[in-house]
**Student:** 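Take this structure first; my questions come after.
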Amino acid sequence: MFKNIARCVIVVFLSLVLSFCEAAEEKQYKIAFIVKSLQSPFFLSMMEGAEQCDRDFDEISVDILAPQTPYNIDEQIQLVEQSITNKVDAIVITPCDSMGIVPAIKKANAANIPVITSNTKSAGGTILSFVGVENYDVGHSLAVALCEKLNGAGNVLLMEGRAGNSTSEERVAGAKDGFAEFPGITLIDSQPGDWERAKGMTVMENWLQTYDDIDGVLTLTNDMGLGALEALRAAGRDDIISITFDIDEYVAEAIQNGEIYATGNQNEKSQAYIAIASALFHLKGYAVDTNQILPIKVITKENLSF
């Protein structure tokens with residue numbers, strides 16, 4: 001009788017140990033996901049994609065990080081270094097500064113930690129994969145859409161992102177090439193709005209004071225676009241055609257109301273999800289494409305489905 005009881009106790013004990021081990025093994029790989037800001041709806045949306053990936057794959061544990069000061073490259077470098085110290089298995093990052101992040105990526109390379117960039121490219125270091133849109137095409141598509149809306153004639157403004165950022169530089173190059181395809185279009189000014197709503201509003205206010213004849217404005221992300229829209233509303237300039245990039249509920253409402261003519265959708269949640277999943281696949285020994293380019297879509301009131 002006592003032998004049977006002992007056997008039962010041992011079986012129960014072993015079952016508990018196995019259950020504990022299985023639970024511990026559910027989160028096998030630690031992946032750091034580092035974005036540019038926790039205050040931007042765009043990057044909050046990317047975080048949702050990262051969190052969904054974390055839920056869908058039991059083998060990973062995703063640590064979502066961002067600088068306390070939005071778009072601060074020094075803080076982002078510190079987050080990479082801390083992730084290396086924490087011995088994460090992979091790092092997925094949207095660099096605040098494509099050149100500035102290179103030394104941190106090289107430190108991760110030296111520690112044999114694979115790095116994937118999402119949304120924004122790095123100017124150096126060894127990158128396992130880039131997941132995002134072709135940002136040149138983003139700028140070109142939006143510029144062409146603005147020119148076509150203006151019937152190929154008019155004075156336009158271009159609000160850039162942050163200097164030193166590959167996302168901004170590539171979109172600006174595409175936009176300028178797009179404008180150049182229309183002889184009747186004049187790009188009268190191009191200035192950085194630093195991806196920020198407040199800065200976007202300030203830049204647009206200055207433009208409205210400087211230029212009398214403005215027909216259209218292209219802002220290269222929705223935070224700047226909504227800031228520019230505030231300035232346009234305050235000045236009563238509903239005659240200026242506005243196009244931006246990325247969509248949230250506020251941009252969707254502005255499109256529905258006719259205040260913004262068009263935007264573009266780059267599926268930022270998918271960018272985060274695919275990047276983290278790609279890190280997992282690599283860690284499990286599967287090949288990963290070095291460039292994973294997602295499609296973009298120009299959205300107007302006619303095809304709005306937000």
Side-chain angles (χ1 to χ4, degrees), residues 40-46 48-49 119 132-161 167 171-172 174-179 181-182 184-188 190 193 195-197 200-201 203-205 207-208 213-271 294-306:
S40 164
F42 178 86
F43 292 108
L44 292 175
S45 183
M46 285 195 80
E48 290 179 15
N119 178 260
V133 296
E134 198 64 72
N135 281 299
Y136 177 92
D137 293 343
V138 169
H140 187 271
S141 298
L142 297 175
V144 168
L146 179 56
C147 293
E148 290 177 345
K149 178 63 175 176
L150 294 173
N151 295 316
N155 295 323
V156 298
L157 298 162
L158 175 62
M159 195 177 297
E160 306 171 10
T167 300
R171 290 181 190 175
V172 168
K176 288 183 176 180
D177 285 351
F179 290 139
E181 293 174 9
F182 293 80
I185 293 292
T186 301
L187 177 60
I188 56 176
S190 179
W195 305 126
E196 297 173 0
R197 186 164 180 166
M201 181 177 179
V203 171
M204 191 71 240
E205 287 173 340
W207 276 338
L208 290 170
D213 189 8
I214 304 171
D215 298 295
V217 58
L218 170 56
T219 55
L220 293 179
T221 197
N222 59 339
D223 284 332
M224 298 188 303
L226 290 169
L229 179 58
E230 289 182 41
L232 292 172
R233 284 171 173 165
R237 292 300 302 271
D238 58 1
D239 58 308
I240 296 176
I241 303 299
S242 176
I243 289 184
T244 190
F245 190 64
D246 295 323
I247 186 166
D248 59 18
E249 59 183 308
Y250 305 107
V251 172
E253 181 180 3
I255 291 175
Q256 191 66 46
N257 294 338
E259 295 176 301
I260 291 178
Y261 168 64
T263 189
N265 184 8
Q266 63 171 318
N267 300 300
E268 64 273 10
K269 291 181 184 178
S270 296
Q271 291 182 32
L294 278 65
I296 60 171
K297 182 179 181 181
V298 176
I299 298 172
T300 65
K301 189 173 182 179
E302 284 67 34
N303 62 348
L304 178 65
S305 60
F306 185 79

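Keep in mind that what you see is a predicted model, and the values were worked out from it rather than measured.
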**Student:** Quick one: salt bridge (Lys or Arg N to Asp or Glu O under 4.0 Å) partners of D239, sequence neighbours excluded?
**Tutor:** R237
**Student:** Is there side-chain contact between F182 and L150, with at least one heavy-atom pair below 4.5 Å?
**Tutor:**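 Not touching, per the 4.5 Å side-chain cut-off.
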**Student:** Of all heavy-atom pairs between V298 and A145, which one has the smallest distance, and what is that distance?
**Tutor:** CG1-CB, 4.4 Å
**Student:** Is there a donor-acceptor pair under 3.5 Å between the side chain of T186 and the backbone N or O of I188?
**Tutor:** no
**Student:** Is a donor from one side chain sitting under 3.5 angstrom from an acceptor on the other, for N222 and Y250?
**Tutor:** no
**Student:** Would you sort out whether F179 and C147 count as a side chain to side chain contact (heavy atoms under 4.5 Å, CB included), showing the intermediate values?
**Tutor:** CA-CA 7 Å; F179 290 139; C147 293; 3.5 Å; yes
**Student:** Roughly how far, to the nearest 0.5 Å, is CD of E253 from CD1 of I260?
**Tutor:** 10.0 Å
**Student:** Report the C-alpha distance between M159 and L220 in whole Å, list the side-chain angles of each, state the deciding distance to 0.1 Å, and finish with yes or no for side chain to side chain contact (heavy atoms under 4.5 Å, CB included).
**Tutor:** CA-CA 6 Å; M159 195 177 297; L220 293 179; over 6 Å; no
**Student:** Say you draw a straight line from CG of L232 to CH2 of W207; how long is it, rounded to the nearest 0.5 Å?
**Tutor:** 10.5 Å
**Student:** Of all residues at least two apart in sequence or in a different chain, which pass the side-chain hydrogen bond (donor to acceptor under 3.5 Å, both in side chains) check with S242?
**Tutor:** none
**Student:** Hey, could you give me the CD/CG distance between Q271 and L294, rounded to the nearest 0.5 Å?
**Tutor:** 6.0 Å
**Student:** Would you call R197 and E230 a side-chain contact if the rule is heavy atoms closer than 4.5 Å?
**Tutor:** yes
**Student:** Quick check: does any side chain N or O of N135 sit under 3.5 Å from a backbone N or O of V138, one acting as donor and the other as acceptor?
**Tutor:** no
**Student:** Measure the spacing between CG of L226 and OG1 of T221 and express it to the nearest 0.5 Å.
**Tutor:**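 OG1 of T221 is found 9.0 Å from CG of L226.
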**Student:** Of all residues at least two apart in sequence or in a different chain, which pass the side-chain hydrogen bond (donor to acceptor under 3.5 Å, both in side chains) check with Y261?
**Tutor:** none
**Student:** Determine whether I241 and D215 make a side-chain contact, defined as any pair of heavy atoms from C-beta on separated by less than 4.5 Å.
**Tutor:**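 Of all side-chain heavy-atom pairs linking D215 with I241, none is under 4.5 Å.
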**Student:** Can any side-chain N or O of N303 pair as donor or acceptor with the backbone N or O of T300 at less than 3.5 Å?
**Tutor:**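 Yes; judged by distance alone, with no hydrogens or angles, the pair exists.
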**Student:** Do K176 and H140 come within less than 4.5 Å of each other through their side chains, counting heavy atoms only?
**Tutor:** no
**Student:** For E134, what residues pass the salt bridge (Lys or Arg N to Asp or Glu O under 4.0 Å) criterion, not counting sequence neighbours?
**Tutor:**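 By the salt bridge (Lys or Arg N to Asp or Glu O under 4.0 Å) rule, E134 matches K121.
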**Student:** Just checking, any donor-acceptor pair under 3.5 angstrom between side chains of D246 and N265?
**Tutor:** no
**Student:** Between the side chains of T244 and T219, does any donor sit under 3.5 Å from an acceptor?
**Tutor:** yes
**Student:** May I ask you to decide if P41's main-chain N or O and S45's side chain share a donor-acceptor pair within less than 3.5 Å?
**Tutor:**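 Checking the backbone N and O of P41 against the side chain of S45, no donor-acceptor pair under 3.5 Å is found.
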**Student:** If you look only at pairs with a residue in residues 146-161, which of them pass as a side chain to side chain donor-acceptor pair (under 3.5 Å), with sequence neighbours excluded?
**Tutor:**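 Pairs touching residues 146-161 that pass the test: N155-D213, E160-S190.
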**Student:** Without swapping roles, check the side chain of R171 against the backbone of Y136 for a donor-acceptor pair under 3.5 Å.
**Tutor:** no
**Student:** State, to 0.1 Å, how close I240 and I214 come at their nearest heavy-atom pair, and which atoms those are.
**Tutor:** CG1-O, 3.5 Å
**Student:** Within a strict 4.5 Å, meaning less than it, do heavy atoms of the N119 and F42 side chains meet?
**Tutor:**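 When only atoms from C-beta onward are counted, F42 and N119 do touch, with a gap below 4.5 Å.
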**Student:** Identify the two heavy atoms, one from D137 and one from I296, that lie closest to each other, and give their separation to 0.1 Å.
**Tutor:**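 Between these two residues, the closest heavy atoms are O-CD1, 3.8 Å.
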**Student:** Apply the test side chain to side chain contact (heavy atoms under 4.5 Å, CB included) to residues L218 and F245: give CA-CA distance (whole Å), side-chain angles for both, the deciding distance (0.1 Å), then the verdict.
**Tutor:** CA-CA 9 Å; L218 170 56; F245 190 64; over 6 Å; no
**Student:** Quick one: pull up CG in N267 and NZ in K297 and give me the separation to the nearest 0.5 Å.
**Tutor:**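 It is 9.5 Å, given to the nearest 0.5 Å.
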**Student:** Minimum heavy-atom separation for L304 and A252, please, with both atom names.
**Tutor:** CD2-O, 3.6 Å
**Student:** Please report the closest heavy-atom contact between A254 and L229, naming both atoms and the distance.
**Tutor:**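 Heavy atoms of A254 and L229 come nearest at CB-CD2, 3.8 Å.
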**Student:** Considering non-hydrogen atoms only, spot the tightest contact between L208 and A235 and give its length.
**Tutor:** CD1-CB, 3.8 Å
**Student:** Got a sec, which pairs hit salt bridge (charged side-chain N to carboxylate O under 4.0 Å, His left out) with one end in residues 256-271, sequence neighbours left out?
**Tutor:**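 Residue pairs passing salt bridge (charged side-chain N to carboxylate O under 4.0 Å, His left out), neighbours aside: E48-K269, R233-E259.
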**Student:** May I have the step-by-step check of side chain to side chain contact (heavy atoms under 4.5 Å, CB included) for V217 and L158, ending in yes or no?
**Tutor:** CA-CA 6 Å; V217 58; L158 175 62; over 6 Å; no
